[in-house]
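Read the structure below first, then the notes.
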Amino acid sequence: MAEETMEKTKKVDGNLLAARAFAKMGVETMYGVVGIPVTSFASSCVKVGVRFIAFHNEQSAGYAASASGYLTGKPGVLLTVSGPGCVHGLAGLSNAQINTWPMILVSGSSVQADIGKGDFQELDQLEIVKPFAKYAGKAHNIKEIPKVVAQAVTVSVSGRPGGTYVDLPADVLHEEVTEDEAVELLADLKPYVPAWAQEGPRKEFAAGDSEISEAASLLRNAKRPLIVFGKGAAFSRAEGALKNLVESTGIPFLATPMAKGILPDAHPLSASAARSLAIGEADVALVVGARLNWLLHFGEAPRWSKDVKFILVDVSKEEIEFRKPTLGLVGDADVVIKQLNKEIKDQPFALGEKHEWVQKIKSKAQSNVQRMAGSLNKVVVPFNFLTPMKIIRDAILSVGSPAPILVSEGANTMDVGRSVLEQTEPRTRLDAGTWGTMGVGLGYCIAAAVTNPEKLVVAVEGDSGFGFSGLEVETLVRYKLPVVVIIFNNGGVYGGDRRPAEDIVGPHKDDPAPTSFVPGARYDLVMEAFGGKGYLVENPEELQSALKESFAARKPAVINVTIDPYAGSESGRMGHRN
């Protein structure tokens with residue numbers, strides 16, 4: 001009896017209460033950088049079963065949290081200190097918000113009684129996060145912590161997913177309640193379950209029956225229909241429903257970059273290799289979980305036909321109202337496509353392999369693939385971008401299933417990789433995304449490895465992209481993550497110094513070019529300095545050997561691939577390239 005009384009009256013501080021609140025809401029992993037005033041909070045999270053992945057830089061940790069939200073369907077959580085830590089965290093929060101991924105930024109903040117006096121790292125953090133958050137809440141006392149945490153989780157995943165913010169003042173983290181009070185405060189909190197994992201009918205995520213019927217009619221009567229899907233479809237786990245729709249109707253499909261793998265790139269109805277033709281001549285386009293933004297040329301002529309009829313499937317009513325399509329279907333991609341499949345099943349139709357539209361796309365795709373194959377089959381040393389990319393493609397495909405998760409960033413490296421590297425399974429490609437964010441590489445790698453421990457993670461990135469987060473290779477080694485980082489080292493952004501003579505003038509003409517780095521930088525030795533494996537490769541045999549060995553080992557590695565500094569060019573907007 002005495003022990004029971006002691007248990008009920010023991011004190012729980014704000015650090016432990018906040019940790020328990022996140023755990024009760026279903027948070028399993030947290031990424032971040034500790035310091036005043038949140039170190040004890042991070043330790044409390046570990047005590048209650050939340051894994052804490054400690055980074056060197058809040059920006060990289062934030063990118064990890066954002067990718068975690070995409071890969072798991074649950075909000076990824078980033079922890080930072082106050083002031084500059086919160087500011088650094090905005091990189092990940094804004095990335096999540098733009099990509100519409102669920103994420104929570106949690107920051108410590110100044111002692112409330114000292115605000116306005118110039119306290120240590122004082123900043124109005126609630127105000128600064130507002131442009132990048134759907135919700136921003138501050139726990140003004142310990143009893144408000146569970147409510148704020150629950151609201152942040154709920155809002156981040158409601159409707160269109162996005163970023164939220166939790167502010168934990170230093171004084172609140174040190175306040176205390178009894179165990180009985182803590183239990184009562186946490187009583188109503190329940191783990192969040194992603195929509196795709198919920199059991200039973202999901203009517204709240206469904207579109208109206210009349211809209212589904214109209215969508216089926218538009219597709220049935222189209223002469224040149226096209227299905228386009230984006231990473232929103234991948235987020236909702238719509239791959240099964242989309243496979244059914246594509247293969248039952250015979251309609252060609254096009255995936256946006258991060259949606260590659262929802263259906264395999266090598267699928268016979270893939271229009272990726274005939275992208276310009278497909279979007280230029282489609283008369284009805286069913287767009288699932290993708291926005292008509294710059295990646296899809298805004299859905300406007302001349303890239304699209306001026307007469308194309310768009311059917312948009314989006315979880316956001318506001319997005320559909322903004323785009324003004326011919327038909328909008330508000331709902332979860334997986335649920336809506338299953339509704340559409342059921343409607344079509346009652347009145348089936350299929351284009352067939354010999355349909356004029358299907359044949360036209362296949363013919364163009366085959367022609368483009370053959371032309372690319374001719375370039376890929378030329379072995380060029382010193383390396384251009386295509387020769388090593390083909391070797392990497394073949395090595396990744398040889399792994400089989402589960403397919404490795406590919407992380408891609410850089411200018412030429414990402415653009416070329418998007419055309420050459422093949423995705424065979426959904427949610428296996430992470431790249432610069434909607435915002436074209438550089439610096440996401442190592443953060444994405446770490447999130448991918450933590451959330452999918454059974455999979456190999458392979459990063460293919462330029463030396464510029466790697467430089468944003470390169471020191472996180474130590475994090476890979478510390479947590480023993482199966483990540484192989486392949487760096488296309490061409491000595492700079494787009495390459496080395498390629499200025500014409502007339503530009504090398506003025507008082508600072510002897511400085512390095514704005515685009516150039518130290519030639520021949522040994523990024524592989526940086527990895528070895530922390531105990532990982534480094535490879536320097538300059539020819540096909542060395543690259544093949546490094547890939548075979550590192551993929552088999554499944555341990556942290558950097559493969560430093562020497563590229564001709566004149567092989568690349570200034571990269572265009574990837575959504576406007578074929």
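Computed from a predicted structure; not experimentally measured. Values below: every heavy atom of this structure, side chains too, minus hydrogens, waters and symmetry copies.
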Tell me whether [X] contacts the main-chain N or O of [Y] through its side chain, where contact means a donor paired with an acceptor under 3.5 Å.
X: S68; Y: A64; result: no
X: R554; Y: V484; result: no
X: E281; Y: L277; result: no
X: S545; Y: E541; result: no
X: H267; Y: L269; result: yes
X: D431; Y: E409; result: no
X: T164; Y: A152; result: yes
X: R220; Y: A350; result: no
X: D332; Y: V335; result: yes
X: S363; Y: Q359; result: no

* Asked: Do other residues, nucleotides or ligands put more than 12 heavy atoms under 6.0 Å from F349 CZ?
  ->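 More than 12 heavy atoms, drawn from other residues, nucleotides or ligands, come within 6.0 Å of this atom.
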
* **CD/E300: more than 12 non-hydrogen atoms of other groups inside 6.0 Å** =>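 Counting neighbours around CD of E300, more than 12 heavy atoms of other residues, nucleotides or ligands fall under 6.0 Å, so yes.
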
* Asked: Aromatic rings Y70 and F235: how do their planes relate, parallel, tilted or perpendicular, breaks at 30° and 60°?
  ->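 Parallel.
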
* In terms of ring plane angle, is the pair Y63 and Y444 parallel, tilted or perpendicular, where the classes change at 30° and 60°? -> perpendicular

Non-hydrogen atoms of [X] and [Y] that approach each other most closely:
X: V308; Y: A282; value: CG2-O, 3.4 Å
X: V313; Y: A333; value: CG1-CA, 4.1 Å
X: S550; Y: A557; value: CB-CB, 4.1 Å
X: G299; Y: F310; value: O-CE1, 3.3 Å
X: E343; Y: A216; value: CG-CB, 3.7 Å
X: P404; Y: G400; value: CD-O, 4.3 Å

Please determine whether a side-chain nitrogen of the Lys or Arg among [X] and [Y] lies less than 4.0 Å from a carboxylate oxygen of the Asp or Glu.
X: E356; Y: K360; result: no
X: D314; Y: R160; result: yes
X: D346; Y: K342; result: no
X: K243; Y: E239; result: no
X: D334; Y: R237; result: no

Mind checking whether [X] and [Y] have side chains closer than 4.5 Å, heavy atoms only?
X: V457; Y: L481; result: no
X: E461; Y: M414; result: no
X: L254; Y: R275; result: yes
X: T249; Y: L219; result: no
X: V420; Y: L386; result: yes
X: S419; Y: M372; result: yes
X: P325; Y: I320; result: yes
X: V358; Y: E353; result: no

* Please walk me through it: do E425 and S401 pass side chain to side chain donor-acceptor pair (under 3.5 Å)? -> CA-CA 8 Å; E425 296 175 4; S401 186; 2.6 Å; yes

* Under 6.0 Å between the ring centres of W304 and F298? ->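 Ring centres of F298 and W304 not closer than 6.0 Å.
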
If I take atom [atom1] from residue [X] and atom [atom2] from residue [Y], how far apart are they, to the nearest 0.5 angstrom?
X: I212; Y: S217; atom1: CD1; atom2: OG; result: 12.5 Å
X: S408; Y: M258; atom1: OG; atom2: CE; result: 10.0 Å
X: T100; Y: K231; atom1: OG1; atom2: NZ; result: 6.0 Å
X: I396; Y: L456; atom1: CD1; atom2: CG; result: 8.0 Å
X: T387; Y: N539; atom1: OG1; atom2: CG; result: 11.5 Å
X: I98; Y: S66; atom1: CD1; atom2: OG; result: 11.5 Å

* For a side chain to side chain donor-acceptor pair (under 3.5 Å) with T434, tell me which candidate from T256, N99, N95, N293 qualifies. =>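 So, applying the side chain to side chain donor-acceptor pair (under 3.5 Å) to T434 and each of T256, N99, N95, N293, only N99 qualifies.
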
For [X] and [Y], test the side chains for any donor-to-acceptor distance below 3.5 angstrom and give the result as yes or no.
X: S213; Y: D209; answer: no
X: S158; Y: K134; answer: no
X: Q423; Y: T428; answer: yes
X: N489; Y: T562; answer: no
X: S270; Y: D265; answer: no

* Start with the C-alpha gap between K309 and L218, add the side-chain angles, then the distance that decides, and say whether side chain to side chain contact (heavy atoms under 4.5 Å, CB included) holds. => CA-CA 8 Å; K309 295 178 181 178; L218 283 167; 4.1 Å; yes

* Chi angles and distances behind the side chain to side chain contact (heavy atoms under 4.5 Å, CB included) call for F468, L442 -> CA-CA 9 Å; F468 282 85; L442 270 293; over 6 Å; no

* To do: Mind checking side-chain hydrogen bond (donor to acceptor under 3.5 Å, both in side chains) for E472 and listing every partner two or more places apart, or none if nothing turns up?
  => T475

* To do: List for me each residue that meets side-chain hydrogen bond (donor to acceptor under 3.5 Å, both in side chains) alongside K74, sequence neighbours excluded, and say none if there are none.
  => none

* Only one of T413, N412, T515, V493 clears side-chain contact (heavy atoms from CB on, under 4.5 Å) with S464; which? ->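 Among the candidates, only V493 passes.
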
* Asked: So which of I311, L286, L351 actually passes side-chain contact (heavy atoms from CB on, under 4.5 Å) with P225?
  ->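 When I311, L286, L351 are each tested with P225, the side-chain contact (heavy atoms from CB on, under 4.5 Å) holds only for L351.
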
* Any chance you could lay out the side chain to side chain contact (heavy atoms under 4.5 Å, CB included) test for V399 and F551, step after step, and finish with the verdict? => CA-CA 8 Å; V399 173; F551 282 16; 3.8 Å; yes

* side chain to side chain contact (heavy atoms under 4.5 Å, CB included) between F205 and Q339, worked out -> CA-CA 11 Å; F205 300 107; Q339 287 181 278; over 6 Å; no

